[in-house]
There are 2 protein chains.
Amino acid sequence: MGRGKIEIKRIESNTNRQVTFCKRRNGLLKKAYELSILCDAEITLIVFSSRGRVYEYANNNIKSTIEKYRKATSSAPTTWSTQEVNAQFYQQESKKLRQQIQMLQNTTRHLKGEGLDCLNVKELKQLETRLEKGISKIRSKKYDAILAETEAAEKRDIELENEHAFLRSKLHIAECEREQQLNANTAYNTFQAYLARNNPLQLNMMEPIDDTPPAYVPDQKYSLRLG
Amino acid sequence: MGRGKIEIKRIESNTNRQVTFCKRRNGLLKKAYELSILCDAEITLIVFSSRGRVYEYANNNIKSTIEKYRKATSSAPTTWSTQEVNAQFYQQESKKLRQQIQMLQNTTRHLKGEGLDCLNVKELKQLETRLEKGISKIRSKKYDAILAETEAAEKRDIELENEHAFLRSKLHIAECEREQQLNANTAYNTFQAYLARNNPLQLNMMEPIDDTPPAYVPDQKYSLRLG
DNA sequence: GGGCCTATCTATAAATG
DNA sequence: TCATTTATAGATAGGCC
């Protein structure tokens with residue numbers, strides 16, 4: 001139906017295919033709707049376009065229709081849905097894991113000395129032996145660990161002591177330098193006082209005096225003496 | 001398309017509805033097929049007749065298409081199938097259980113004195129204390145068990161001894177009776193010999209002699225003595 | 001503007017009452 | 001079966017990101 005008859009095979013032209021998809025999809029959905037109404041049928045129609053877009057028609061709940069279809073076709077119950085298989089698998093897995101946990105808990109309880117009533121003398125002796133082995137291993141490991149920690153602490157002590165000594169020597173040097181500077185300053189001040197008392201022309205008295213001592217104090221002294 | 005236009009509403013005539021269903025269903029399936037071919041679309045079509053018969057078209061695996069649809073529409077993940085919920089639940093359960101097993105195995109290993117490298121001195125000490133407590137409990141239980149077993153053995157000994165004594169006394173009585181009988185027999189034989197030597201009439205000598213002694217030997221003796 | 005989708009028009013094929 | 005209704009091919013335009 002259309003301007004010409006067409007062969008039922010994939011339409012090569014992208015545009016034509018796209019347009020035809022749109023038209024025929026609408027037609028299909030409409031016909032599905034009409035059939036469901038006219039004949040009281042339950043219909044689910046799912047269409048994926050080639051680019052992955054999804055269109056659907058369902059006159060009823062789509063999931064319930066799918067479930068109904070599953071039941072209707074599962075007379076051969078060999079095919080399980082992924083979810084069903086998963087559920088079963090993990091259910092069994094859980095069961096096994098729970099059993100394993102039971103056993104492990106029993107073992108742990110016994111090793112902690114609990115729930116021993118079900119054991120006889122022989123089993124108690126075996127348990128005791130095992131615990132003795134364990135405790136000896138633990139003590140050995142503890143000894144190693146203590147040794148290691150002690151060594152680490154000693155090493156840290158030594159390092160600290162070294163650093164301490166280094167800092168002390170540095171401080172000593174700094175103090176010495178400070179003292180030298182103080183001595184120098186004292187000499188300079190003495191010289192200034194001397195100038196104030198003995199310079200009749202008041203030379204240099206108006207110059208600002210900053211904290212840093214003049215670089216060549218001795219030269220000044222000498223030059224003054226020579227002058 | 002047909003001899004007359006029809007209104008889209010449920011066809012009341014059963015026969016007409018049936019015929020229309022058959023025709024339109026085939027038409028729908030055909031159109032679905034054509035669309036899937038012409039436009040390279042993935043289509044699943046499920047139709048239930050009002051009498052419960054199922055018809056379907058799917059150019060691809062119907063289950064995989066349905067799964068694809070689920071995923072495509074599960075941007076609103078409010079509706080999960082029972083199987084999906086189950087699978088998820090048990091999957092999480094398995095995960096948790098596996099973690100629990102991991103922890104238990106670690107604990108057990110530590111209690112056995114294995115895999116201790118990850119522990120520090122404090123943890124090792126705690127472990128040691130715990131093991132010591134365990135071992136003392138086990139020893140106490142072992143002591144109790146040994147005691148119980150010893151007591152049971154002693155009790156059994158006593159019972160055996162009692163039984164032994166009882167048997168011995170019974171045997172003693174039996175031996176006494178036997179001896180008395182032997183003595184009685186000796187007296188009888190002596191008497192017979194006496195008869196043989198002193199009885200001129202050979203009275204009673206031809207009587208058979210059986211092993212069982214006569215019931216009243218003493219009386220015979222006395223009677224003979226008196227005679 | 002460009003790619004993708006849909007609507008409109010019309011002649012004709014297809015569906016179906 | 002077949003008259004008649006419907007669907008739609010082809011071409012093109014409109015709308016939306």
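Quick note on labels: first sequence line is chain A, next is B, and so on, each numbered from 1.
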Review point. Shortest non-hydrogen contact from A145(B) to L124(A)?
Key: CB-CD1, 4.1 Å
Check your understanding: If you look at every strand shown and take non-hydrogen atoms under 4.0 Å, does V19(A) touch a base, only sugar-phosphate, or nothing?
Key -> base
Review point. Any side-chain heavy atom of F48(A) sitting closer than 4.5 Å to one from R53(A)?
Key: no
Point to revise | Minimum heavy-atom distance L111(B)-L131(A), with the two atoms named | key: O-CD2, 4.3 Å
**Study point:** Candidate nucleotides dA7(D), dT16(C), dT6(C), ranked by approach to the side chain of M1(A) - the nearest
**Key:** dA7(D)
Practice item. Please tell me if the side chains of I62(A) and Y69(B) come closer than 4.5 Å, counting only heavy atoms from C-beta onward. Key: yes
Practice item. Record whether the side chain of K31(A) comes under 3.5 Å of the base of dA7(D) through a donor-acceptor pair of N or O atoms. Key: no
Practice item. Look at the side-chain N and O atoms of K30(A) and state whether any lies under 4.0 Å from the OP1 or OP2 oxygen of dA7(D). Key: yes
Practice item. Pick base, sugar-phosphate or nothing for T15(A), based on heavy-atom distances below 4.0 Å to the nucleic acid. Key: nothing
Exercise for review: Using a heavy-atom cut-off of under 4.0 Å over every strand shown, decide if R17(A) touches base, sugar-phosphate, or nothing.
Suggested key: nothing
Check your understanding: Looking across every strand, which nucleic acid part, if any, lies under 4.0 Å from N26(A) by heavy atom: base, sugar-phosphate, or nothing?
Key -> sugar-phosphate
Exercise for review: Look at the side-chain N and O atoms of Y55(A) and state whether any lies under 4.0 Å from the OP1 or OP2 oxygen of dC5(C).
Suggested key: no
Check your understanding: Hey, does the side chain of R3(A) come within less than 4.0 Å of dC9(C)'s phosphate (OP1/OP2), counting only N and O?
Key -> no
Exercise for review: Please state whether the phosphate of dC5(C), meaning OP1 or OP2, lies under 4.0 angstrom from any side-chain nitrogen or oxygen of R25(A).
Suggested key: no
Check your understanding: Under 3.5 Å, is there an N or O donor on one side and an acceptor on the other linking the side chain of K5(B) and the base of dG17(C)?
Key -> no
Check your understanding: Does dC5(C) have OP1 or OP2 sitting under 4.0 Å from an N or O in the side chain of Q18(A)?
Key -> yes
Review point. Considering the terminal five base pairs at each end of the helix from dG2(C)-dC17(D) to dG17(C)-dC2(D), what angle separates the two local helix axes, rounded to 10°?
Key: 40°
**Study point:** Side-chain ion pair, E132(A) and R139(B), N-O less than 4.0 Å
**Key:** yes
